[in-house]
Amino acid sequence: MTLASAGGRLMPSYVVKENVSLDKRWVSEITPKAEDFSKWYLDVVRKAELADYGSVKGCMIIRPYGYGIWERARDLLDRRIKDSGHENAYFPLFIPESALKKEAEHVKGFAPEVAWVTRGGNEELEEPLAIRPTSEAIICPMYAKWVRSYRDLPILINQWANVVRWEKVTRPFLRTTEFLWQEGHTVHATAEEAQDETLRILEIYREFVETELAIPVVKGLKTERERFAGALQTYAIEALMTDGRALQAGTSHNLGQHFAKAFDIRFEDENQQMQYGWSTSWGVSTRLVGAIIMTHGDDSGLIVPPHVAPIQVIIVPISAGNWKETVLPHARSLLEKLRAAGIRCKLDDRDNYTPGWKFADWEMRGVPVRCEIGPKDIEKKQVVLVRRDNREKAFVPMEGLESRLTAMLEQVQDALFRKACEFRDKNTTNVDTFPVFEEMMESRPGFLRCFWCGSAECETAVKEKTSATIRVIPFGADEEKGTCVFCGKEAISRVLFAKAY
RNA sequence: CGGGGAGUGGCGCAGCCUGGUUAGCGCGCUUGCCUUGGGAGCAAGAGGUCGUCGGUUCAAAUCCGACCUCCCCGACCA
């Protein structure tokens, strides 16, 4: 319902003490979540101008606002990767077919989704070139060249790149033919070091995703079925989206010596013995933007966690009378003042929209805090702050506004995380019998913590019956004893089942 | 890749079944006036290879065929 159809203009909210109710929907472009979650997601992606479709199937255009979120996330993670001793480098987009084929499991796993270049200019290539679906096969040959002695280890390299996987079904950010990511590739002298690195990165991912994206995750080990092609072990962080489906938010692989052997990465150790290196690889992708949307968004649209928000505060001047003379200058100096305080903010000085329209517009885009400034505020030396997450309204004095705002942004960040944690916890259930499992997956999907015997047969059978898979074997879950939810045999651990994206 | 749905100004749609002047409507956009504290109002405008290619026909948005793209549901994956 639009404001107009609701019966005309409201009285100035200046005198209104109560908050606008949360379920009041000012944003009408977006399909309500409950009506059709998929449609809601796509509406948010397009209406908040995060991404748009291009002309190539499965390839999206990441628009400035969406890219801005990715950019912030990228920078925050990049800092952590560097602080933990890794360096960035860049390897080629093309992988010779012969290189891709070297690790048997790897090529088998990726074959169905590799795009190939077979022609350059007008000439057929002698050897087809794969467009990287991941870069192990182009990086490992270089590592083989660079590693001679144990003194050359460890190699700790990360790259930010695009990769291509020929997907059959695509969705913006969640699964696209081309996507952006970071991929770390390391080589170590011992199995222990490689394992430590794998888990160290997993913890960095967890801390990063929870702290900066405000998305709670569960760390754990992947089952064989879900393991990266060519890995010894795959670990992941799994998040629960608000439709009850799980999203893999990051993976860290212990590659053992598989790739070292396939690509001949060898070194001479302290005892003058030739040894194969132990390698790892790990990555997170633009899928994280999809996770942000589906974790925090509501029926009014996106909510961007302040730490990664391209715009943290939107300043909306209240236009009344000759507002360009009376209000705008104050709004401009306010903008400067907040910018100087390190707050990412923007002044919406468009003169062809009413304040109310702008409120709804920026809500849809998920800007965490709105700052209204009008004639009465100027008179009282204050502004009106409204939080996006709960629409709470506060009248705040100009004096000391910067610190109030900074604090408020942190409050929003915390509140988003807490709310997401509550949702995750509320939708994580211990289930011990299969009929209940089936019923739960059907009626109220989420994480189901169940005992599992460890057999791939049970895992597959559960998937066939319910479409749910084991997302992760959570760390520390093996202390509890029980019997497999499917076959009833003795369980190795409780595991986390869910329908996955 | 299987099953289903859709493609018509920027967005959302009608028109198609039953071919026939200038392809409509709402929102948005432009200009002006007037407004502006939760998506204002009035007036005047601009904007279309009807997804693409081919076929049938005197005539195609409309009928036929192929292809492309998007969406939903499944099988495969960050």
Side-chain angles (χ1 to χ4, degrees), chain A residues 1-6 8-16 19-21 24-29 31 36-39 41-43 46-47 52-60 109-113 133-134 163-183 222 225-226 228-229 234 236-238 247-251 253 282-288 290-291 300 316-324 327 350-364 370 372-377 383-384 386 391 393 395 463-464 467 469 500-501:
Chain A
M1 184 191 288
T2 65
L3 185 58
S5 64
R9 191 159 304 154
L10 297 183
M11 291 302 289
S13 73
Y14 178 72
V15 294
V16 176
N19 300 321
V20 176
S21 88
K24 177 78 183 169
R25 295 191 69 248
W26 300 107
V27 177
S28 53
E29 285 100 321
T31 306
D36 184 340
F37 191 86
S38 291
K39 199 159 191 304
Y41 177 80
L42 292 167
D43 282 348
R46 300 197 68 181
K47 298 294 163 56
D52 205 348
Y53 297 108
S55 50
V56 180
K57 181 178 162 66
C59 295
M60 64 172 174
F110 278 104
E113 40 185 319
T134 175
V163 288
V164 167
R165 296 183 187 177
W166 215 254
E167 299 287 353
K168 302 192 169 149
V169 176
T170 60
R171 306 183 80 185
F173 293 110
L174 299 176
R175 175 160 302 110
T176 48
T177 300
E178 178 188 14
F179 58 93
L180 306 182
W181 75 346
Q182 82 28 241
E183 48 179 326
K222 285 284 184 182
R225 189 179 198 287
E226 304 275 322
F228 176 77
T234 286
I237 50 172
E238 289 279 332
L247 185 78
Q248 182 170 301
T251 50
H253 315 292
W282 27 275
V284 302
S285 72
T286 34
R287 172 180 267 192
L288 287 176
S300 293
V316 179
I318 301 307
S319 35
N322 56 340
W323 65 283
K324 285 189 180 174
V327 178
R350 292 177 289 182
D351 59 6
N352 53 338
Y353 293 104
T354 62
W357 195 95
K358 292 176 183 177
F359 296 169
D361 193 42
W362 292 109
E363 259 170 41
M364 191 171 72
R370 176 174 81 235
E372 304 171 17
I373 178 165
K376 307 213 167 162
D377 302 311
V383 296
V384 180
V386 182
R391 287 211 178 98
K393 187 175 279 190
F395 299 83
K463 173 159 192 181
E464 275 165 11
S467 89
T469 51
Y501 269 101

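The chains referred to below are lettered A, B, ... by the order of the sequence lines, with proteins before strands, and numbering in each begins at 1. Since the model is a prediction, treat every value here as computed from it, not as a measurement. Only heavy atoms go into these numbers, but all of them, side chains included; no hydrogens, no water, no symmetry mates.
- Place A/G356 and A/Q248 on RNA chain B by their nearest nucleotides, and A/G356 ends up nearer the 5' end.
- You'll find the side chain of A/F228 stays beyond 4.5 Å of the side chain of A/T251, heavy atoms only.
- When distances run from any side-chain atom of A/Y53 to the nucleotides B/C70, B/C11, B/C77, the shortest one goes to B/C70.
- Here the side chains of A/I318 and A/V327 are not in contact, with every heavy-atom distance at 4.5 Å or above.
- Whole-Å rounding puts the A/W166 CH2 to B/C76 C1' distance at 16 Å.
- Distance A/D43 CG to B/C71 C1': 11 Å, rounded to the nearest Å.
- Between A/W357 atom CH2 and B/U35 atom C1' the separation is 17 Å, expressed in whole Å.
- Comparing B/G38, B/C76, B/C77 by their nearest atom to the side chain of A/R165 picks out B/C77.
- One atom, CD of A/E226, and another, P of B/C77, lie 7 Å apart when rounded to the nearest Å.
- Comparing B/A78, B/U36, B/G37 against the side chain of A/S285 picks out B/A78 as the nearest.
- Base pairing of B/C77 is not made with any nucleotide, judged by Watson-Crick or G-U wobble geometry with both donor-acceptor distances under 3.5 Å.
- For the residue pair A/P172 and A/Y53, the shortest heavy atom distance occurs at CG-OH, 3.7 Å.
- Candidate nucleotides B/C76, B/U30, B/G38 were compared by shortest atom distance to the side chain of A/F359, and B/G38 ranks first.
- Residue A/K57 is classed as a sugar-phosphate contact, given heavy-atom separations below 4.0 Å to backbone atoms only.
- In this structure, the OH atom of A/Y501 is 8 Å from the P atom of B/C73, given to the nearest Å.
- On the P atoms, B/G48 is 32 Å away from B/C34, given to the nearest whole Å.
- We find that CD of A/E113 is positioned 17 Å from P of B/A75, with the value rounded to whole Å.
- Across all strands, A/T176 comes closer than 4.0 Å to base atoms (heavy-atom distances).
- The nucleotide B/U21 finds no pairing partner, because no Watson-Crick or G-U wobble arrangement with both distances shorter than 3.5 Å includes it.
- A/T251 has no side-chain polar atom (N or O) that falls below the 4.0 Å cut-off from OP1 or OP2 of B/A78.
- For B/U36, its base sits under 3.5 Å from the side chain of A/S319 at one donor and acceptor pair at least.
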Original post:
What's the verdict on side-chain contact (heavy atoms from CB on, under 4.5 Å) for A/V169 and A/R175, showing C-alpha distance, side-chain angles and the deciding distance?
Top reply: CA-CA 8 Å; A/V169 176; A/R175 175 160 302 110; 5.6 Å; no
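- The phosphate of B/G37 has neither OP1 nor OP2 within less than 4.0 Å of any side-chain N or O from A/K376.
- With a 6.0 Å cutoff to the six-membered ring centre and a 45° limit on the axis angle, A/R370 counts as a cation-pi contact of A/F359.
- For A/R370 against B/G38, a side-chain-to-base donor-acceptor contact under 3.5 Å is present.
- The phosphate of B/C76 has OP1 or OP2 within less than 4.0 Å of a side-chain N or O from A/K463.
- Nucleotide B/G9 has no partner under the Watson-Crick or G-U criteria, as no pair reaches both atom distances under 3.5 Å.
- Closest approach to the A/S38 side chain among B/A78, B/C72, B/G38 is made by B/C72 (side chain taken as heavy atoms from C-beta onward).
- Atom CG of A/L42 and atom NZ of A/K47 lie 10.5 Å apart (nearest 0.5 Å).
- Nearest-nucleotide positions on RNA chain B place A/C59 closer to the 5' end than the other of A/G109 and A/C59.
- Using a 4.0 Å heavy-atom distance criterion, A/G290 is classed as making no nucleic acid contact.
- The two residues A/V163 and A/E183 have their closest heavy-atom pair at CG1-OE2, 4.2 Å.
- The listed nucleotides are B/C70, B/C77, B/A75; the one nearest the side chain of A/V169 is B/A75.
- To the nearest 0.5 Å, the span separating OH on A/Y501 from CZ on A/R171 amounts to 5.0 Å.
- The partner of B/A60, taking Watson-Crick or G-U wobble pairs whose two distances both stay under 3.5 Å, does not exist in any strand shown.
- At the phosphate of B/C71, neither OP1 nor OP2 sits under 4.0 Å from any side-chain N or O atom of A/R171.
- Picking from B/C71, B/G74, B/A78 the nucleotide with the shortest atom distance to the side chain of A/L42 gives B/C71.
- Here A/Y353 does not reach the OP1 or OP2 of B/G28: none of its side-chain N or O atoms lies under 4.0 Å away.
- Nearest to the side chain of A/V384, among B/A78, B/G38, B/G37, sits B/G37.
- Residue contacts shown for A/G374 include a base, since a base heavy atom lies under 4.0 Å away.
- The pairing partner recorded for B/A66 is B/U52, the criterion being a Watson-Crick or G-U wobble arrangement whose two distances lie under 3.5 angstrom.
- B/C70 atom P lies 15 Å from atom CZ of A/R175, rounded to whole Å.
- Distance CG (A/D52) to P (B/U69): 16 Å, rounded to an integer number of Å.
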